[in-house]
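Heavy-atom basis, side chains included; hydrogens, waters and symmetry copies ignored. Just follow the structure's listing: the first ligand is 1, and inside any ligand the first atom is 1. The first residue of the sequence shown is numbered 1, and numbering continues consecutively from there.
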Amino acid sequence: MILFNLKCAKDHQFEGWFRDGDAFDAQAAAKKINCPICGSRRITKALMAPRIGKHGAKEAKQTEIQAAVLRELKELRKKVESNCDYVGDKFAEEARRIHYGEVDPRGIYGEASDEEASALTEEGVEFAQIPWLPRQDS
Ligand SMILES: [Zn+2]
């Protein structure tokens with residue numbers, strides 16, 4: 001069992017025990033959890049590491065955190081892929097053209113070598129490096 005810190009749409013915080021993270025997701029999606037203070041059914045996990053009710057807490061917590069990070073990376077990747085143009089290995093070139101106003105600003109993503117990335121940083125071109133996951137449709 002995992003104890004999650006939860007909060008409702010109005011920011012009331014409370015706690016709830018769940019079999020695992022998936023059990024919470026399923027119950028929240030089915031609107032089976034409601035806020036004890038205002039009754040709201042829009043419940044999300046508050047940003048706190050979950051506590052584990054049994055031994056092996058440390059390992060379980062690490063697994064949970066890793067899973068959460070992976071989920072967020074997947075979400076981020078989805079967001080980037082649906083909002084940005086893929087420019088492949090032309091990333092550095094395109095980022096520069098946008099930075100210097102040669103083309104209209106737009107979101108792009110692609111690959112850049114370490115040297116390209118540090119050259120961009122030196123030129124003051126803004127970009128973010130994301131640890132990209134190998135594509136796997138689980
Ligand atoms: Zn509430």
Side-chain angles (χ1 to χ4, degrees):
M1 298 287 282
I2 304 175
L3 182 64
F4 284 124
N5 290 285
L6 308 174
K7 64 174 180 163
C8 76
K10 288 183 183 157
D11 238 12
H12 301 132
Q13 304 223 359
F14 57 100
E15 295 179 330
W17 284 99
F18 297 91
R19 190 167 42 78
D20 53 28
D22 288 344
F24 167 79
D25 290 342
Q27 290 184 38
K31 300 203 188 311
K32 283 186 180 156
I33 310 166
N34 58 346
C35 170
I37 298 149
C38 71
S40 166
R41 287 174 194 275
R42 287 181 50 200
I43 307 299
T44 52
K45 267 183 250 177
L47 286 178
M48 279 176 80
R51 296 209 297 270
I52 311 290
K54 283 184 188 156
H55 296 296
K58 202 172 170 199
E59 290 75 20
K61 187 170 166 180
Q62 277 174 351
T63 309
E64 176 71 18
I65 290 169
Q66 275 169 3
V69 168
L70 282 177
R71 269 200 301 275
E72 277 181 25
L73 281 174
K74 264 190 191 165
E75 282 302 304
L76 184 60
R77 176 180 186 138
K78 244 192 250 165
K79 229 187 241 174
V80 169
E81 284 182 346
S82 54
N83 293 306
C84 303
D85 287 341
Y86 180 65
V87 294
D89 57 9
K90 300 253 193 304
F91 179 81
E93 199 179 311
E94 279 300 308
R96 245 182 224 114
R97 290 174 69 196
I98 291 167
H99 181 70
Y100 293 112
E102 291 166 26
V103 293
D104 286 339
R106 70 190 206 279
I108 58 168
Y109 71 102
E111 291 95 40
S113 66
D114 288 346
E115 297 91 79
E116 284 173 333
S118 55
L120 287 175
T121 307
E122 272 167 34
E123 288 175 51
V125 179
E126 278 180 36
F127 65 98
Q129 281 178 310
I130 301 170
W132 226 225
L133 300 171
R135 182 187 288 281
Q136 45 174 223
D137 299 305
S138 51

Next item on the list: Considering only NZ, NE, NH1 and NH2 on the basic side and carboxylate oxygens on the acidic side, decide whether E81 and K78 come within less than 4.0 Å.
Entry: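 Salt bridge: no.
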Note to self: Closer than 2.8 Å to the Zn ion (ligand 1), what protein N/O/S atoms do you find?
What the structure shows: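 Listed by chain and number, the nearby protein N, O or S atoms are C8 SG, H12 ND1, C35 SG, C38 SG.
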Next item on the list: Decide yes or no on side-chain contact (heavy atoms from CB on, under 4.5 Å) for R106 and V87, but give the supporting numbers first.
Entry: CA-CA 11 Å; R106 70 190 206 279; V87 294; 3.9 Å; yes
Notebook entry, point to check: Y86: what forms a ring pair (Phe, Tyr, Trp, His ring centres under 6.0 Å) with it, not counting sequence neighbours?
Noted result: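 Y109.
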Side chains of residues 19-35: which donor-acceptor partners sit under 3.5 Å, not counting sequence neighbours?
from	atom 1	to	atom 2	distance (Å)
D20	OD1	D22	N	3.1
D20	OD1	A23	N	2.8

Note to self: Just verifying a value: how many Å separate D85 CG and K90 NZ, rounded to the nearest 0.5 Å?
What the structure shows: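 Reported value, rounded in 0.5 Å steps: 14.5 Å.
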Item checked: Residue pairs involving residues 112-123 (criterion salt bridge (Lys or Arg N to Asp or Glu O under 4.0 Å); sequence neighbours excluded) ->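 Sorted pair list: R96-E123.
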